[in-house]
Every structure is written in structure tokens, then in C-alpha cells.
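Note: hydrogens, waters and symmetry copies are ignored here, and every other heavy atom, side chains too, is used. The chains referred to below are lettered A, B, ... by the order of the sequence lines, with proteins before strands, and numbering in each begins at 1.
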Number of protein chains: 2
Amino acid sequence: MARARAVTIKDIAAAAGVSLGTASNALSDRPSVGADLKERVLEAAKQLGYRRNLVAANLRRNTPRTFGLCIPALDNPFFCDIMQNIVSIAERNGFDVLVLETREDGRDEAAKLETLYANRVRGVFMVPTATWSGSHDPETPLIVVDRIRPTEGLPSVALDNVGAVKLAVDYLYDLGHRDIWLVVNSRSIWNTNLRAEGFEAAALGKDGIRARVIEVGLTARETADQLNAELALARPTAILTASGIATLGTLRALQDARLAMPDDISLLGFDDAPWMDVLRPSISVVAQPIEEIAAQAWALMQAQIASEGNGRHVELDARIITRESTGPAPTR
Amino acid sequence: MARARAVTIKDIAAAAGVSLGTASNALSDRPSVGADLKERVLEAAKQLGYRRNLVAANLRRNTPRTFGLCIPALDNPFFCDIMQNIVSIAERNGFDVLVLETREDGRDEAAKLETLYANRVRGVFMVPTATWSGSHDPETPLIVVDRIRPTEGLPSVALDNVGAVKLAVDYLYDLGHRDIWLVVNSRSIWNTNLRAEGFEAAALGKDGIRARVIEVGLTARETADQLNAELALARPTAILTASGIATLGTLRALQDARLAMPDDISLLGFDDAPWMDVLRPSISVVAQPIEEIAAQAWALMQAQIASEGNGRHVELDARIITRESTGPAPTR
DNA sequence: TTGTAGGCGTTATCAC
DNA sequence: GTGATAACGCCTACAA
């Protein structure tokens, strides 16, 4: 499709009988232009169906109205939520978002970042993979989202993972649970490992609690199978999970073991999902404040662009959504 | 953050001691450049950390390496899957994609489309809202995805909705079901209405079948409540749903009514989701070929760019994923 | 094979 | 308040 030449500012300047500069000023709504001329220019623009060429504009002003977003997996509901919120805020502020998927691949990630830089994005929001080298363009503001890694002090925003788990343990403890398991997919993942550490730390401070971390595979199926094996040997009164996948797998294991929630056992999931609110019993969860995470990421980006608050790290609090899967500990 | 001037082609030309044109040719890997010079240029580029400015390049050649994607809702797993697949294909082909969310709002949609055009995207993939005016830039290839509307012949790709439902009805009929309901959220939505029509048509051709369309509200909760009311009065042997939301709501209703799947009743959902495979019983579904939809959308886009096959419409077949929620009709 | 120069559509800086 | 004119960084005839 050979694109016809689009109508440019020059065309409308000619049509309105003004100079190119004046046309530009009028179209950009700059103060220094007479009301009558402005009218004429705008009219001509509408007549000709003028559409500002943002790529030219961006080239000229060197501050594009585009942000970049690097997400590990676009088919993951949690990341989709993050994306949805960031895109939404950006749009509200008149920015576009270039979305790239890194598929949890560190090599790829570096290439994706380069692509973003080649497009001269104004800044990058990034959920880094575990293998990210950390290398980035110091000229382009970069906000790390959700996953903080023990690296150079990049500005970042994430859940207070330790606090979240502590909240969960408190909640279960107050319901009378003394025998609690944490199901975690892999302690080699930074966030879930933090949650496991938080779990152990929280348990340490409680009287008469028997807390145990069950480390399982990365899929829901593996989680279910391995948890089933554990449940054949012993049984807690409550299970807390450290991720959405773990929640799903645990749910399956409990159904396989014909344990009723919350009468036989309480289940407190991690990360909310629409179906959790609908199923019977609906699933209580530790929910991340995704909107707030996105809002803080945006705020950090603005600060970074204004070169304030370099390297600040923001941690946000989780909240517990109480539904039907959690209840008082059974008295045995 | 006042961005320092980035290193340009001019800088590396100077550093390599060649002319600007040669530098450009070398960096673009054009044939007409000596091996030694090319080497020197590439070396200089690496030394200085040169990064091609794509916005300048795009401006010059007027064929950006960016596509636009308009999606109604970024928090919907089905659309996320579509997006993931399109983004993935685009990336594989060296293109970026600008993602915009229309929130099912037709006014917004027009504005979003304008944004994309302002960025001079190479083409637009779009899942249109019900209220889309259909207006678009004839110069920019537009591929309609998932939702075909009875409009001007835009190239489009979608599920064969009628065929999908026919497949589902055949499947249930063969299992012995004669009393089948279709739960559909709203017949004012084009796709789900097609599914309802397909359901009625498919049932017409079957001996001794009693088929009924239950139209419910737009949320899973409403679906559950309204279906519960219906189930109090009568009960089919199988329920087919017309969307993911409807599936979720139906599931809740069945759990509320304490109907066991598949012994009391069979449930065949629409659109697959990870949790459906994990829960007990796992949910059988009519699944859309999302990868193929994305691949076809891409192919249509390429054809459109080459100005072939204008206005072609592609329909793809659904397939049934048999899991535990469907089984032979109970003999009463 | 290499260098030169014009232009893509804007914005911004000047004179007027 | 308005109008030339010079960038922005790159690509690409075309000339050398």
C-alpha cells in the first residue's frame, strides 16, 4: 500500500494563507497567535483532514509522548493488571505505551530495552526477569515494578512481601490456626522467597505455632501433586500460598483430598483473580494494591523525569480479602 | 532530567573518519560499502554506544516499524491472549506495538485510533467496540479481530461462532443430552448473539432436542443469580455457555444448586482459562484458536500492506476441549 | 566504493 | 502578532 502523502502543516498554512510558523503555533494552541488567524488555521486543518505527525514532532522536541513497558508474560493476569493500570494512567496523561514482552528471558530483555531506547521513549517501566543484567541507559528514566532485586538503587515499587505474609499469618493465627503451611513455588524466585522468609519470621514471633514451608514446582499441576503427597502424611489447619499458581494448585489438591473449606481446612491465597470471588467456596486472598502500584510507578517516573527522588524504593501494603475459604480453626 | 544529546550517526562518522552517508550505509548493512570501512564504522558505533534513532529513521522513510493495537479491555484474559499473540508475532518480525485500551467506549475508540494515526503506525489491529463508528483512515491498513460487525467490508478474522456452537451442540447431543440450555450474557453483543443464533439453528436440526436460550446479565454474579432462579423451576441435562463470564456464573449457580458435574448435569464452557484445567471437576470448553487468530490477523495485515486481498474475512474453527465437567446424559 | 546534499514534518528562535 | 529559517537525526538519490 503506497501511502499517499499525508497533509502536512505546510498544506494547511498554504490553505489558510499564513506562514508555516503561524500555522504550527495555532495548531499547538500557543498564545502568540491572533484569534482570527487561529480560527482560519483550525478551519483549514479540519477541511483538509490534517493529522499532526507525532513522529516528526517527537524528533524535533526530543521528548516523545511515549513510554515503554517491559513485562515478563502478557498472558499472566497479574502482569496484565499491572499493564492495564499503567497504560490507563499514561493514556489519561496523553502518553502512549509501547508494550514489550520478555518471556522471562534475560537476553531477550536486553534487546527489548534497546528497542525501547531506539524509539527514544520518555521512560521505561519494567518488571525485570530474574536474569536481567541490570544494564540500562542512564539517560532514560527506568522504574522497576513488582520485582525488586538486590541491585543498584533503581527507583522501584513493589509489594511489601514480608509485611504481606505477616499480615496473613496474623490473620490466620487470630482465627485460631496453629498449624499453618506456606505453599511456595520456588524459593529461587526473589519475590516468593521473600514471602517464605517473611512467613518464617512471622511464625517465629507467635506462641505455639507450627509453621512449615512447602516448596513445590512451578506449575499448578506440580503444586497439586506434591501437596497431595504431603497431605497424605500430615495436615495443617490452614494453608497460605505465595502466588496465584500455588493457590490454584493447592485448590486442586484440597479438592482431591476431599477437604472442605473452611471446615476441614482454611485456604488463604495470594493475588486476587475474578474467578476466586465467584467459585464456591470463594477464595480468601492476600491481594496486592495493583492500582496503587501503578500510580506509585507513575509518580516515581515523574519524579525521575524531574530528576528528584533518585533511587527511591516504595513498598506498598497488601490487604486481605476475606471470603469463604477461611474460617476458625477446627477443634480436633 | 535534561537528556544529554545522544550520539548520532554524525558522531560515529567523525570518529570513524568517514562521511555521514557511508556511516549510514554501513550501519544499515547496505551492500555498497567496503569491508574495511564497514568494520571501522561498526567499531566506532560500538565504542561510542551508538543507538539508532528510530523516530528519525521512521520520519525519513515514512514506514514506521510500529503497529497499533486497540483492545476493549486489558484485564480480560481472552483479549490479553489475543494481545500476547499479536505482540509476539510483531516482535518476531521486528515490529513494535502500541497498545491502547478502549474500555468498550466508542467515543474513546475514535480518539485512540487518532492517536495511533498520529504516530503513523504501519497498521492497526483492532477489536472494535459495539459502538465503533467504523470510521478509519483508508491509508492505514486496519484489521478487525474477533468481532466482525455487519459493516463495510474490512478485512477481519474471527471465530466461526455459529460453527462453534454447532460443534458444541453435536458434542452434547452425541453424549445423549436432549435437554440443553445456552447461557448467554446479552444478545445485544454481536458475537454472543451469533452464538445464540447458531445454537437455535443447530438445535432445529436435531431430533427430540429441547433447547433453550437463557439470556442473563453482563456479570458472573448476575448470571449466577438469574440462572439459579431458572434452575429452581426446571433443569436441563447439559448447559452450554456463550462466554467466559457466563461460564463462571453458571459454575457458581451449579455449585449453589448442589448439582454435581457431570453426573447431575454437564457443563460445557466457552473460552478456555488456566484455572478451568486445574479445578475439580475440570471444565470442558469450546476453545478458540487464539494463536491462529493472531497469525491470520498478521497475514491479513501483510496482504493489506501489499494491497492484496482487500476486505477478506477469515473465519476459524473452534475445538472442544473435553475435561471432567461433561459426560453422558443422566438417565432419569 | 565513497561523499554530498536535500528533505521527511515539526518546533523554536529569531527578526520584523 | 507574524513570518522566515534553522535545526532534530536519518535516509537516499546522485554526483564524484
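For R120(A), no side-chain nitrogen or oxygen approaches OP1 or OP2 of dC8(D) to under 4.0 Å. Residue S24(B) has a polar side-chain atom (N or O) positioned under 4.0 Å from OP1 or OP2 of dC11(D).
Across residues 35-50 of chain A, Y50(A) each have a non-hydrogen atom less than 4.0 Å from an atom of DNA chain C (numbered order).
Side-chain contact, T129(B) with E109(B): a donor N or O sits under 3.5 Å from an acceptor N or O. Side-chain contact, R30(A) with S28(A): a donor N or O sits under 3.5 Å from an acceptor N or O. A donor atom on one side chain and an acceptor atom on the other are not found under 3.5 Å apart for E292(B) and Q296(B).
Across the protein-nucleic acid pair, K10(A) atom NZ and dG3(D) atom P stand 16 Å apart, rounded to whole Å. Atom CG of D11(A) is separated from atom C1' of dT10(C) by 13 Å (rounded to the nearest Å). Separating the CG atom of L54(B) from the C1' atom of dC8(C) is a distance of 15 Å, rounded to the nearest angstrom. At whole-Å resolution of the value, CZ in R51(B) and P in dC10(D) are 12 Å apart. Between I9(A) atom CD1 and dA12(C) atom C1' there is a gap of 12 Å when expressed in whole angstrom units. Rounded to whole Å, atom C1' of dT12(D) lies 7 Å from atom CZ of R30(B). Between the P atom of dG7(C) and the CG atom of N62(B) lies a distance of 16 Å, rounded to the nearest Å.
Counting distance only, with no hydrogens placed and no angle test, the side-chain atoms of R60(A) and the base atoms of dA12(C) include no donor-acceptor pair under 3.5 Å.
Here the nucleotide nearest the side chain of L20(B), chosen from dA5(C), dT2(C), dT11(C), is dA5(C). Checking dT2(D), dT12(D), dT11(C) against every side-chain atom of N25(B), the shortest atom distance belongs to dT12(D). Side-chain proximity of N53(A) to the nucleotides dC11(D), dA4(D), dG9(C) is greatest for dG9(C).
The aromatic rings of F67(A) and F95(A) lie tilted to each other, with the angle between the two planes from 30° to 60°.
If you check every strand for non-hydrogen atoms under 4.0 Å, L59(B) touches a base. Within the 4.0 angstrom heavy-atom criterion, no nucleotide atom of any strand lies near N58(A). In this structure, T8(A) reaches the sugar-phosphate backbone alone: every heavy-atom distance under 4.0 Å involves primed, P, OP1 or OP2 atoms, never a base. Residue contacts shown for V18(B) are limited to sugar-phosphate atoms, with no base heavy atom under 4.0 Å away. If you check every strand for non-hydrogen atoms under 4.0 Å, G21(B) touches a base.
Just one residue in the list L142(B), L69(B), V124(B) forms a side chain to side chain contact (heavy atoms under 4.5 Å, CB included) with L116(B), and that residue is V124(B).
Between the T102(A) side chain and the D105(A) main chain, no donor and acceptor come within less than 3.5 Å of each other. Between the R147(B) side chain and the V144(B) main chain, no donor and acceptor come within less than 3.5 Å of each other.
Mapping R61(A) and T22(B) onto DNA chain C by nearest heavy atom places T22(B) closer to the 5' end of the strand.
The nearest pair of heavy atoms linking D137(B) to Y117(B) is N-OH, 3.0 Å.
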